[in-house]
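Reviewing the structure listed below.
Note that these values count all heavy atoms, side chains included, but never hydrogens, waters or copies made by symmetry. All figures in this text were calculated on a predicted structure; none of them were measured in a lab. Chain letters run A, B, ... following the sequence lines, proteins first, then strands; residues in each count from 1.
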Number of protein chains: 2
Amino acid sequence: MIDYSVLVKSPLFHGIPDEECRALFSKIHYQVRKFEKDAIVVQGGEEVTNLFVVLSGSVRGEMIDYSGKTVKIEDIEAPRPLAAAFLFGKENKFPVTVTANKKAELLAIPVVEFLKLLQMNTRLLRNYLNSISTRAQFLSQKLHFLSFKTIKEKVAHFLLQQAGDLYHSFELKNTQQQLAEMFGVTRPSLARVLGDMQNEGLIKIEKKTVTLLDKEELNSLLKNG
Amino acid sequence: MIDYSVLVKSPLFHGIPDEECRALFSKIHYQVRKFEKDAIVVQGGEEVTNLFVVLSGSVRGEMIDYSGKTVKIEDIEAPRPLAAAFLFGKENKFPVTVTANKKAELLAIPVVEFLKLLQMNTRLLRNYLNSISTRAQFLSQKLHFLSFKTIKEKVAHFLLQQAGDLYHSFELKNTQQQLAEMFGVTRPSLARVLGDMQNEGLIKIEKKTVTLLDKEELNSLLKNG
DNA sequence: ATCATTTTGTAACAATTGATACATTTTGCC
DNA sequence: GGCAAAATGTATCAATTGTTACAAAATGAT
């Protein structure tokens with residue numbers, strides 16, 4: 001039995017009334033699978049044939065490295081979906097092995113049935129499309145950012161983005177330490193680059209206020225990479 | 001008028017018979033917009049309210065930088081869709097300004113109408129989901145790869161992936177120059193790292209055959225990053 | 001205001017990678 | 001086999017970044 005009041009809190013079924021959910025699920029095949037603590041939910045590398053949603057308890061994804069040892073873990077609590085981004089596409093295999101942290105219930109909807117759901121309910125379709133699109137956009141932005149090789153390029157891009165087209169100064173909302181982590185560099189290295197850019201007359205930093213003195217030049221740092 | 005024989009060659013409508021396409025489009029609102037050479041199809045930053053498919057001619061996407069100059073361009077020929085990945089999600093704005101290279105015809109389907117299409121035709125839904133999922137997976141893999149900072153880590157990851165879980169040796173299908181470009185490093189730097197790894201007894205390279213001598217150690221290079 | 005804590009600026013040195021150059025090996029073709 | 005072109009191994013030096021350390025400045029709580 002599905003507790004629909006839990007389900008609608010998941011990003012997928014958000015905004016769909018309990019009753020509507022009930023009606024939807026009455027029209028498709030699905031399973032509610034129960035797992036004991038430490039039971040394996042899915043093996044990494046297995047083909048993704050079902051959409052899983054954690055209904056109760058929690059599960060963890062474990063990366064298995066090439067030599068067979070488990071490494072990183074990520075916890076997934078109810079009512080989050082599992083590997084929703086890997087339901088479709090070319091490589092629709094689970095990237096990780098998923099294990100139950102404690103007693104857990106998972107909703108398993110076969111891909112074909114999920115497709116039916118998507119075609120029956122516009123809100124669900126929108127939710128799903130939004131979630132994987134947002135993910136793709138996030139990845140795309142991150143990738144674009146990582147394409148800048150030097151710290152100077154990363155900083156220039158960040159500053160221009162923060163300022164936007166209209167403004168020339170703005171308030172920093174993060175410490176250098178946090179920025180350095182975002183950029184994947186060390187804090188002294190970031191400070192050095194910021195210092196250099198000040199000496200070169202590109203920017204001015206007073207407390208938390210950054211002023212871009214030469215947007216033109218900052219831009220050319222990006223293009224000539 | 002839409003030439004359906006062109007349309008079904010696009011990844012989105014692939015596998016849907018002409019007749020079925022015709023029937024689908026008879027049920028929704030859409031426009032076929034004509035553009036003269038150098039006419040602006042969409043402004044960068046504009047909200048994406050339509051799915052565009054190039055029916056004839058070709059268009060180009062132009063990045064506009066922070067100071068207002070155009071930079072990179074990418075050509076899109078018929079029958080490719082335009083910014084299909086930005087139809088949904090949080091930031092559904094065109095990342096680029098799109099201009100017609102020559103006389104061009106574009107099919108414009110409002111988002112709401114496209115949703116109807118997706119709900120009417122399972123094949124189309126599958127096509128669309130597959131295309132954005134594949135894209136997301138591609139980005140995800142690329143991102144994971146870029147998360148390795150040193151050349152050594154990148155090489156270790158590449159070698160372990162190529163060999164797979166079972167094998168310990170394989171044939172290189174690329175030249176060092178090509179690999180170096182994949183990794184975003186210079187060729188001598190890559191050669192140096194490969195040489196070091198041989199000296200350390202991690203791998204052995206004979207002509208195009210690579211043998212992994214110490215998978216365990218190669219793995220630990222990745223985890224201790 | 002004062003003091004402890006956090007944040008920032010900066011320096012010296014090590015490690016990594018890029019740039020360039022050249023010798024050597026391999027490959028493909030005759 | 002012989003030869004030209006491509007690919008590879010290697011060396012040197014410059015540029016960038018990481019590492020570590022420490023002092024100065026800013027922040028926040030009392």
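With axes fitted over five pairs at each extremity, the angle between the ends of the helix from C:dA1-D:dT30 to C:dC30-D:dG1 is 50° (10° resolution).
One interatomic measurement links the two molecules: CG of A:L194 to P of C:dG9, which rounds to 7 Å at whole-angstrom precision. As a whole-Å value, the separation of A:E206 CD from C:dT8 C1' is 15 Å. Going from atom CG of A:L190 over to atom C1' of C:dT8 covers 11 Å, rounded to whole Å.
Protein chain A touches strand DNA chain D; the 5'-most and 3'-most nucleotides with an atom under 4.0 angstrom of its non-hydrogen atoms are D:dT17 to D:dA26.
With B:Q137 contributing its side chain and A:F88 its backbone, the two residues share a donor-acceptor pair below 3.5 Å. In this structure, A:S131 contributes its side chain and A:Y128 its backbone to a donor-acceptor pair below 3.5 Å.
Legend: ring pair (Phe, Tyr, Trp, His ring centres under 6.0 Å) pairs involving residues 170-213 of chain B, not counting sequence neighbours, sorted by first then second residue: B:F145-B:F183, B:F158-B:F183. Residue pairs meeting the salt bridge (Lys or Arg N to Asp or Glu O under 4.0 Å) criterion with at least one member in residues 198-209 of chain B, sequence neighbours excluded: B:K152-B:E200. Pairs of residues two or more places apart, or lying in two chains, that qualify as salt bridge (Lys or Arg N to Asp or Glu O under 4.0 Å) and include a residue from residues 95-106 of chain B are B:K34-B:E105.
Considering only residues two or more places apart in sequence or on other chains, A:E171 meets the side chain to side chain donor-acceptor pair (under 3.5 Å) condition with A:T209. The side chain to side chain donor-acceptor pair (under 3.5 Å) test applied to B:R192 returns B:S189, not counting sequence neighbours. Remark: A:N127 engages A:R123 in a side chain to side chain donor-acceptor pair (under 3.5 Å) (not counting sequence neighbours). For the ring pair (Phe, Tyr, Trp, His ring centres under 6.0 Å) test, no residue two or more places apart in sequence or in another chain qualifies with A:F52. Taking the side chain to side chain donor-acceptor pair (under 3.5 Å) definition, one finds that B:R33 meets it with B:Q31, sequence neighbours left out.
Map A:K208 and A:R187 each onto its nearest nucleotide of DNA chain D; the residue landing nearer the 5' end is A:R187.
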Every protein N/O within reach of nucleotides 11-17 of chain C N/O, cut-off under 3.5 Å:
residue: C:dT17; atom: OP1; partner: B:I151; partner atom: N; Å: 2.6

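The A:A191 side chain lies nearest to C:dT10 when the options are C:dT27, C:dT7, C:dT10.
No hydrogens or angles considered: nothing links the side chains of B:S58 and B:D75 as a donor-acceptor pair under 3.5 Å.
Using a 30° and 60° split on the angle between ring planes, B:H157 and B:F148 fall in the tilted class, from 30° to 60°.
Within residues 168-176 of chain B, the residues having any heavy atom closer than 4.0 Å to DNA chain D are, in order of number, B:T175, B:Q176.
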